[in-house]
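Take a look at the structure below.
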Amino acid sequence: MTTPELAYPQKKLWLAAIKPPMYSVAVIPIWVGTAVAFAETGSLDWSIFLTFLSAAILIIAWLNLTNDVFDADTGIDINKAHSVVNLTGKKTLIFWIANLCLGFAVLELMAIAWWQQDPMILELIGLAVFLGYTYQGPPFRFGYLGLGEPICFICFGPLAIAAAYYSQTATWSISSLFASMIIGITTSIILLCSHFHQVEDDLAAGKRSPIARMGTKNGARVLLASCITVFAAIAIFLLNGSFPLWTSLTFLSLPFAIQLCDRVLKYHDRPEEVKNSKFIAVNFHFFSGLLLGVGFVLSQLS
């Protein structure tokens with residue numbers, strides 16, 4: 001069972017609860033989709049980009065807060081001191097703060113749709129938000145069935161990046177679709193790594209996460225295969241001309257992938273040693289996505 005963290009300083013618990021590094025999963029898809037659009041069109045609407053970025057951050061805040069609320073309902077977070085619900089003891093208040101975040105995000109997305117005179121952005125992100133809700137929200141709770149990673153891939157990969165690209169161009173792109181596959185995988189890797197240290201708690205609450213289903217050793221192998229797939233896909237997209245040569249900068253994120261796989265392969269069955277692997281996964285996701293976007297931008301500027 002996961003070790004309680006009640007002895008930790010309140011400041012550290014609040015930082016863990018707010019999860020500042022996790023907001024990169026909002027930033028990176030919007031950045032990459034916009035970067036691909038800039039590379040292919042040579043233009044950038046800063047108002048749309050910044051508004052979309054703000055909306056994405058608010059949606060992640062909604063997702064994080066409601067996940068704490070829904071996990072409190074099932075009891076899976078009983079040993080999780082860095083849950084916002086456990087820290088405040090005000091589950092209903094947290095739920096409505098989360099919904100307020102979502103409401104402001106919807107208003108920002110409606111503004112983009114109004115500027116474009118096109119509802120497509122609302123439809124794409126609406127679908128992503130619905131799928132995000134099904135991850136932990138009743139009556140679905142698909143995360144408890146081990147479907148969190150596929151949901152994560154779809155929401156933060158194809159849907160988010162297609163929406164970001166469309167917000168700039170009002171059209172579609174094969175290159176942005178390929179880029180979305182990369183970001184979808186690296187985002188799903190973060191979620192996968194969050195399961196290794198809490199297998200016993202997951203099983204006790206009836207949550208059949210991928211790691212609970214396949215075991216930590218096989219899960220570590222899946223992680224390794226996923227990281228290899230990311231770089232193999234980038235190499236293929238470079239060779240077939242779907243990605244510009246500058247996107248080879250993404251390979252500079254390889255040390256983060258190596259560090260992540262090395263740690264998980266060594267300590268997959270030792271919760272205290274592996275519990276921070278998700279933050280290494282966040283670093284891998286952030287820097288690989290940042291460099292991928294930079295590569296697209298430089299291809300237009302060079």
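It should be emphasised that the depicted structure is a prediction, and the values quoted were computed from it without experimental measurement. All values below come from the heavy atoms of this structure, side chains included, with hydrogens, waters and symmetry mates left out.
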Between Ser288 (side chain) and His285 (backbone), is there a donor-acceptor pair under 3.5 Å?
yes
Please report the shortest heavy-atom distance between Pro29 and Ala160, naming the atom on each side.
CB-CB, 3.7 Å
If I take atom CZ from residue Phe95 and atom CZ from residue Phe70, how far apart are they, to the nearest 0.5 angstrom?
5.0 Å
Let me see the working for Val264 and Tyr267 under side chain to side chain contact (heavy atoms under 4.5 Å, CB included), right down to the final yes or no.
CA-CA 5 Å; Val264 175; Tyr267 303 118; over 6 Å; no
Donor-acceptor check, side chain of Gln168 to backbone of Asp45, threshold 3.5 angstrom: yes or no?
yes
Note, Phe237 side chain near Asn240 side chain (heavy atom, < 4.5 Å)
yes
Membership question, hydrophobic clusters at under 4.5 Å side-chain separation (ILVMFWY): are Ile174 and Leu239 in the same one?
no
Apply the ring pair (Phe, Tyr, Trp, His ring centres under 6.0 Å) test between Phe256 and each candidate in Phe251, Phe287, Phe284; give the one that qualifies.
Phe287
Donor-acceptor under 3.5 Å (Ser54 side chain, Thr51 main chain)
no
Of the options Phe38, Phe243, Tyr165, which is the one that meets Phe296 in a ring pair (Phe, Tyr, Trp, His ring centres under 6.0 Å)?
Phe243
For Ser188 and Phe153, indicate whether the former's side chain and the latter's backbone hold a donor-acceptor pair under 3.5 Å.
yes
How about Trp115: does its CH2 atom have over 12 heavy atoms from other parts shown lying under 6.0 Å from it?
yes
As a quick check of understanding, evaluate side chain to side chain donor-acceptor pair (under 3.5 Å) for Thr41 and Ser43, giving each step before the final call.
CA-CA 5 Å; Thr41 67; Ser43 64; 3.3 Å; yes
Determine whether Phe196 and Asp269 satisfy the following criterion, side chain to side chain contact (heavy atoms under 4.5 Å, CB included), listing intermediate values before the conclusion.
CA-CA 7 Å; Phe196 281 98; Asp269 58 348; over 6 Å; no
Measuring from atom OG of Ser277 to atom NE2 of His197, what distance do you get when rounded to the nearest 0.5 angstrom?
8.0 Å
N/O donor-acceptor pair under 3.5 Å between Arg208 side chain and Tyr144 backbone:
no
If you take all heavy atoms of Leu291 and Ser253, which pair is closest and at what distance?
CD1-N, 4.0 Å
Quick check: are there more than 12 heavy atoms from other residues, nucleotides or ligands sitting under 6.0 Å from CZ of Phe231?
yes
Separation between OG1 (Thr250) and CG (Leu290), nearest 0.5 Å, reads 9.5 Å
Quick one: which of Glu149, Arg213, Lys207, Lys278 gives a side chain to side chain donor-acceptor pair (under 3.5 Å) with His195?
Glu149
Non-hydrogen side-chain atoms of Leu53 and Val27 separated by less than 4.5 Å
yes
Where Ile161 and Ser180 come nearest, the two heavy atoms and their spacing
CD1-CA, 3.4 Å
CE/Met214: more than 12 non-hydrogen atoms of other groups inside 6.0 Å
yes
Between the CZ atom in Phe52 and the OG atom in Ser167, the distance rounded to the nearest 0.5 Å is 5.5 Å
What distance separates Leu245 CG from Ser299 OG, expressed to the nearest 0.5 Å?
10.0 Å
For the CZ atom of Arg221 and the OG1 atom of Thr216, what is their distance to the nearest 0.5 Å?
10.0 Å
